[in-house]
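So the structure is just underneath, and the comments pick up after that.
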Amino acid sequence: MINHISYQKKNDEIECVHYKNWTKAYPPHTHAEHLTLGIVEEGKVCIVMEGASKIYKAGDEFKIPPDVLHEIKPVDEKGYSMLVTCLRVQTKVVQDAGQKATDGLLVELKDSILDQPENLYLIEEMAKDTNISPFHLIRKFKKMYGLTPHQFQIQCKVRKAQKLLEKEKSVCEVTYDAGFCDQSHLDRCFQKIVGLTPKEYKEASASKSDSMS
């Protein structure tokens, strides 16, 4: 049984990931601005979404909305095979009458991190920009987006590193361009979120653009 993962991507709007006999688990994370659609081909996989877990087996389909905290893990040592498609969508925060204007500032903060995750942006600076205490900022941001500002920033750094690796930049270049302090820091964060080392991801994605052209 060979474990294999492959990527197909034509642009930033759509990406397909094929997992074959995959046994790796993915800790809680989100897909900012992306709707995730998947179908299990073989085996079983457990998806925990906002604290509720469900087991999907061959033939089952699943959908994960943007900015929803979730984790993925194998049910047994046999692993799982599945096809996942990530579609970029426009997200909008719907405010009710009881919500404060600070929610709009949190949206701006999220967009700022998404645009330039490589920038050094301390929680104290974020709190000043949103006019919220650091403690309440962390709590409110996590409630809206499932992750703390720091966790979200690390996730965005990794996503940027993925894009840079797809452009055939070296791992060394990517380390600093994506805002990591050194390569070991990049490796740890990258493996935790992507399930591969930067080098493995670079190899797996080397020809993916051509395969969808």
Side-chain angles (χ1 to χ4, degrees), residues 1-94 107 110-111 113-114 117 141-148 151-163 165-166 189-197 200-201 204-205 208-209 211-212:
M1 183 173 68
I2 300 176
N3 298 329
H4 180 70
I5 185 170
S6 61
Y7 298 85
Q8 291 184 323
K9 181 176 180 181
K10 191 173 182 64
N11 50 46
D12 287 335
E13 305 300 317
I14 181 171
E15 178 176 26
C16 295
V17 187
H18 191 202
Y19 303 83
K20 184 68 174 177
N21 300 323
W22 207 243
T23 56
K24 294 182 179 180
Y26 294 88
H29 64 285
T30 65
H31 295 285
E33 300 183 329
H34 283 79
L35 169 67
T36 302
L37 304 173
I39 181 169
V40 179
E41 298 174 318
E42 296 177 337
K44 298 177 182 179
V45 63
C46 178
I47 299 179
V48 183
M49 204 178 323
E50 296 187 316
S53 62
K54 182 177 179 179
I55 294 177
Y56 296 84
K57 59 184 184 302
D60 289 344
E61 299 178 354
F62 59 87
K63 178 173 71 173
I64 304 172
D67 295 313
V68 169
L69 188 69
H70 63 281
E71 61 180 301
I72 300 173
K73 49 190 177 182
V75 174
D76 51 44
E77 68 280 357
K78 295 179 182 178
Y80 54 89
S81 296
M82 65 182 184
L83 180 63
V84 174
T85 301
C86 296
L87 304 170
R88 184 169 187 142
V89 296
Q90 291 295 324
T91 57
K92 183 178 181 180
V93 176
V94 179
V107 174
K110 176 199 171 190
D111 290 342
I113 295 173
L114 275 169
F141 194 94
K142 186 171 184 178
K143 183 178 180 180
M144 285 182 67
Y145 300 117
L147 300 170
T148 67
Q151 290 171 330
F152 183 71
Q153 188 173 37
I154 291 296
Q155 179 176 279
C156 290
K157 286 176 185 285
V158 170
R159 302 301 185 207
K160 176 156 189 174
Q162 287 180 269
K163 292 181 181 180
L165 288 167
E166 292 163 14
C189 296
F190 202 96
Q191 287 190 64
K192 182 178 180 181
I193 293 176
V194 182
L196 301 170
T197 66
E200 289 170 337
Y201 179 81
S205 61
K208 66 182 181 180
S209 296
S211 62
M212 292 191 71

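In this chain, residues are counted from 1 in sequence order.
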### Message
Any side-chain to backbone donor/acceptor pair from His70 onto His29? Under 3.5 Å, distance only.
### Response
yes
### Query
With Ser81, which residues qualify under side-chain contact (heavy atoms from CB on, under 4.5 Å), at least two apart?
Lys20, Asn21, Glu41, Glu42
### Query
From Leu196 CG over to Gln191 CD, what is the distance, rounded to the nearest 0.5 angstrom?
8.0 Å
### Query
Hey, are the side chains of Val17 and Ile5 touching, using non-hydrogen atoms and a 4.5 Å cut-off?
yes
### Query
Going through the checks in order, is the side chain to side chain contact (heavy atoms under 4.5 Å, CB included) test met by Val107 and Met144?
CA-CA 9 Å; Val107 174; Met144 285 182 67; 4.2 Å; yes
### Evaluation steps, side chain to side chain contact (heavy atoms under 4.5 Å, CB included), between Lys73 and Tyr26
CA-CA 6 Å; Lys73 49 190 177 182; Tyr26 294 88; over 6 Å; no
### Summary
Residue set satisfying side-chain contact (heavy atoms from CB on, under 4.5 Å) with Lys157, at least two apart, ordered chain then number -> Pro117, Gln153, Ile154, Phe180
### Task
Starting at NZ of Lys142, measure out to CG of Leu147 and round the result to the nearest 0.5 Å.
8.0 Å
### Message
Using 30° and 60° as the class boundaries, would you call the ring planes of Tyr7 and Tyr201 parallel, tilted or perpendicular?
### Response
perpendicular
### Heavy-atom side-chain proximity of Arg159 to Ile193 below 4.5 angstrom
yes
### Message
What's the separation between atom NZ in Lys110 and atom SG in Cys156, rounded to the nearest 0.5 Å?
### Response
8.5 Å
### Task
State the NZ-CG distance between Lys24 and Asn3, to the nearest 0.5 angstrom.
8.0 Å
### Message
Distance check, rounded to the nearest 0.5 Å: Glu15 atom CD versus Thr85 atom OG1?
### Response
9.5 Å
### Task
Compute the centroid of each ring, for His18 and then for His4, and state whether the two points are separated by less than 6.0 Å.
no
### Summary
In this structure, OG1 of Thr30 is separated from CD of Glu71 (nearest 0.5 Å) by 13.0 Å
Scan the side chains in residues 44-63 for donor-acceptor partners under 3.5 Å anywhere in the protein, sequence neighbours excluded, and list what turns up.
from: Asp60; atom 1: OD2; to: Lys57; atom 2: N; distance (Å): 2.9

